[in-house]
A.B. asks: 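There's a structure below that I have some questions on.
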Amino acid sequence: MQNLELEKIINTYFAKGSKLSEILQQQMIESPEQLLHSLRAAAQARTTTQTTHHVMLLDYFDASRFSYVFSPLILSVLKHKTIFISPENQVLEQILAEYFRVEALKLNHQQALLDMDICFDLAAAELSSQELQQYAALKAALDPDCKSLIVMGNELDASLQELLQQAGVQLIQYHLVPQHFDLSEIEYKKLLWKRKSSEIASICEQITLANVDLVTRMSGMQKIDAERLIDDLMYSEHLFEKVSVFGEFTETIYKHQLK
């Protein structure tokens, strides 16, 4: 890693008033020197690791981005372990609560990724878009098992692209498909049922179209094959089973926490 460029980036994490310095302190990183050392160690370990996963950032959520709640689930079914980062958001949490115990999503991320190939990292709502990008890039760069950072929507800041490049983390910039949903009209659990009404089938078609380029890129298959694959997942038991088992996992984690 080149010192000069990296040091400039690192210093932004320790700037006065930075919310990210508190996050670093929770990981026992209290100085720019410690962070630089940790980044170098992760970059070195990344060259030999046998276990890989991805970090995915959705920097804000609204109804137009509903399809991308399913992106990490689809990738995990396809054996791409994924950490999904998005800020805490009441509407997003209401949707996730249709399938999972939301309180448990904030617990035991490492175990969830290991056992279920997926975890949801709901970051503090007060983080700005820039701080969320910094958080996601740092999480990816410090994790020796992280292969790539998938940025959904807004382009990643150039300085953070430099950080990822020096850390040996691939950047996947994914452009979102403009869509519109009336979230109040969706019967969420029925989305994963094999038999679907015409309204539910139309929503599933939009989810497929929104994710087809992502699956194409991650799996290296032709677009038409990726579209058929996602469509099959929406109608077969694979995605339904994934959501159901992960839902049971979050319930178990939550009950264990209460003991």
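For reference, positions follow the sequence shown, starting with 1. If you're wondering where the values come from, they're calculated on a predicted model, not measured in any experiment.
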A.B. asks: Could you pull out all residues at least two apart from Gln34 that satisfy side-chain contact (heavy atoms from CB on, under 4.5 Å)?
C.D. replies: Ile29, Glu30, Ser31
A.B. asks: Once ring pair (Phe, Tyr, Trp, His ring centres under 6.0 Å) is applied, what residue pairs with a partner in residues 152-179 remain, sequence neighbours excluded?
C.D. replies: none
A.B. asks: Determine yes or no for a side-chain-to-main-chain donor-acceptor pair under 3.5 angstrom, with Arg46 supplying the side chain and Cys146 the backbone.
C.D. replies: yes
A.B. asks: Given Tyr60 and Asn154, is the side-chain contact (heavy atoms from CB on, under 4.5 Å) satisfied, shown in steps?
C.D. replies: CA-CA 10 Å; Tyr60 73 89; Asn154 296 325; 4.2 Å; yes
A.B. asks: Determine whether Ser159 and Asp157 make a side-chain contact, defined as any pair of heavy atoms from C-beta on separated by less than 4.5 Å.
C.D. replies: yes
A.B. asks: Does Lys196 make a cation-pi contact with Tyr235 (under 6.0 Å, within 45 degrees of the axis)?
C.D. replies: yes
A.B. asks: Looking at Tyr188, I want to see if its OH is surrounded by more than 12 non-hydrogen atoms of other residues, nucleotides or ligands under 6.0 Å.
C.D. replies: yes
A.B. asks: Looking only at side chains, do Tyr135 and Asp121 share a donor and an acceptor under 3.5 Å apart?
C.D. replies: yes
A.B. asks: Could you verify whether a donor N or O on one side chain and an acceptor N or O on the other, from Glu227 and Thr208, lie under 3.5 Å apart?
C.D. replies: no
A.B. asks: What I want to find out is whether Glu98 reaches Lys189 closely enough, with some N-O distance under 4.0 Å, to be called a salt bridge.
C.D. replies: yes
A.B. asks: Are any of the side-chain nitrogens in Asp231 or Arg228 under 4.0 Å away from the carboxylate oxygens of its partner?
C.D. replies: no
A.B. asks: According to salt bridge (Lys or Arg N to Asp or Glu O under 4.0 Å), does anything in residues 63-75 pair up with another residue at least two apart or in another chain? List the pairs.
C.D. replies: Asp59-Arg65
A.B. asks: Between Glu155 and Gln161, is any pair of side-chain heavy atoms under 4.5 Å apart?
C.D. replies: yes
A.B. asks: Distance-only, no hydrogens or angles: does the Ser86 side chain make a donor-acceptor pair with backbone N or O of Leu58 under 3.5 Å?
C.D. replies: yes
A.B. asks: Going only through I, L, V, M, F, W and Y residues with side-chain contacts under 4.5 Å, is there a path from Ile172 to Met221?
C.D. replies: yes
A.B. asks: Partners of Phe181 by ring-ring contact (aromatic ring centres under 6.0 Å, His included), sequence neighbours excluded?
C.D. replies: Phe66
A.B. asks: Which pairs pass ring pair (Phe, Tyr, Trp, His ring centres under 6.0 Å) with one or both residues in residues 101-126, sequence neighbours excluded?
C.D. replies: Phe84-Phe120, Phe100-Phe120
A.B. asks: With no hydrogens and no angle check, is any side-chain donor or acceptor of Ser219 less than 3.5 Å from a backbone partner on Thr216?
C.D. replies: no
A.B. asks: Distance-only check: which donor-acceptor pairs under 3.5 Å involve side-chain atoms of residues 49-57, not counting sequence neighbours?
C.D. replies:
unit_1	atom_1	unit_2	atom_2	d
Thr49	OG1	Thr51	N	3.3
Thr49	OG1	Thr51	O	3.1
Thr49	OG1	Asp145	OD1	2.5
Gln50	NE2	Thr48	O	3.4
His53	NE2	Asp143	OD2	2.6
His54	ND1	Ser148	OG	2.6

A.B. asks: With heavy-atom distances below 4.5 Å as the criterion, would you say the side chains of Val177 and Tyr68 are in contact?
C.D. replies: yes
A.B. asks: How far apart are the closest heavy atoms of Pro144 and Ala45, and which atoms are they?
C.D. replies: CB-CB, 3.7 Å
